[in-house]
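Ligands are counted one by one from 1 in listed order, and the atoms in each one are counted from 1 as well. Side-chain atoms are counted along with the backbone in the values below, which use heavy atoms only and exclude waters and symmetry mates.
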Amino acid sequence: MSERTLSLIKPDAVGKNKIGAILSRFEGAGLRVVAAQMLLLSPQRAREFYAVHKERPFYESLVAFMTSGPVMAQVLEGANAVEKNRELMGATDPAQAAPGTIRADFAENVEANAVHGSDSPETARAEIRFFFPDLAE
Ligand code: GDP
């Protein structure tokens, strides 16, 4: 069944000019970009997006990183999009990410790790609304 997920190309990968290379990974795996926007998150919006992590010691550092430059937000659509995107991304820490994954190939470290991807269909719906409130479900 076709599904949608929210993907972000984070400021480190945008800065390294890897937007096209990363989007190609999604397209090559059969995921379709059905919405996209490049934007600079405000600290307030970044805190809201990562609110689930607000008690973690790295929260403020993560917010500073996510607001350090533009991000590319896109909605990916396809069969099992949430899980497929997570597989393409690889583990949070690039040192642990499987060879050939986006994070293994493009991430700097556990924080500046190139991409975000929704971790469940429920989270995907909320995160898609966060970036694309006008997109029909
Ligand atoms: P994800 O779902 O793989 O993105 O991982 P999490 O939801 O656990 O973490 C959200 C984001 O917080 C990650 O993608 C990283 O950018 C950052 N992060 C996670 N763990 C750490 C950590 O131990 N230190 C720092 N500085 N950042 C982290």
Side-chain angles (χ1 to χ4, degrees):
M1 200 185 74
S2 190
E3 178 177 82
R4 286 180 172 180
T5 191
L6 189 278
S7 162
L8 296 179
I9 302 175
K10 295 185 179 183
D12 58 321
V14 172
K16 285 155 70 178
N17 208 20
K18 295 301 180 189
I19 292 173
I22 291 173
L23 293 181
S24 288
R25 300 284 178 103
F26 302 140
E27 292 179 340
L31 294 173
R32 181 170 291 273
V33 178
V34 296
Q37 187 189 6
M38 196 165 179
L39 70 148
L40 187 61
L41 283 166
S42 68
Q44 187 184 341
R45 289 276 288 166
R47 283 196 187 91
E48 191 185 340
F49 184 71
Y50 276 124
V52 62
H53 293 307
K54 64 176 183 292
E55 306 303 336
R56 307 283 280 278
F58 58 81
Y59 181 58
E60 283 304 323
S61 174
L62 176 60
V63 168
F65 162 62
M66 289 299 290
T67 57
S68 66
V71 301
M72 183 81 187
Q74 51 275 326
V75 176
L76 305 177
E77 185 175 279
N80 299 313
V82 171
E83 197 184 320
K84 192 177 280 181
N85 182 39
R86 298 286 301 188
E87 283 173 16
L88 293 169
M89 288 164 55
T92 306
D93 182 350
Q96 312 292 327
T101 59
I102 293 170
R103 281 166 164 168
D105 291 344
F106 302 117
E108 292 292 312
N109 53 53
V110 71
E111 178 175 272
N113 61 0
V115 281
H116 167 86
S118 309
D119 63 6
S120 73
E122 294 69 35
T123 313
R125 274 189 282 280
E127 292 183 347
I128 290 169
R129 255 197 312 277
F130 184 92
F131 282 97
F132 301 95
D134 299 329
L135 194 68
E137 295 217 1

Residue Gln44 excluded, over 12 heavy atoms near CD under 6.0 Å: no
Which of Leu39, Leu40, Val115, Ile9 passes side-chain contact (heavy atoms from CB on, under 4.5 Å) with Val71? It is Leu39
Roughly how far apart are Glu127 CD and Arg129 CZ, rounded to 0.5 Å? 10.5 Å
Would you mind telling me which of Leu135, Val33, Thr5 makes a side-chain contact (heavy atoms from CB on, under 4.5 Å) with Val75? Leu135
Which pairs count as ring pair (Phe, Tyr, Trp, His ring centres under 6.0 Å) when at least one residue sits in residues 117-137, sequence neighbours excluded? Phe49-Phe130, Phe49-Phe131
Select all protein residues for which some heavy-atom-to-ligand 1 distance is less than 4.0 Å, and list them by chain and number. Lys10, Tyr50, His53, Phe58, Leu62, Arg86, Thr92, Arg103, Val110, Glu111, Asn113
Whether over 12 other heavy atoms sit under 6.0 Å from Glu111 CD: yes
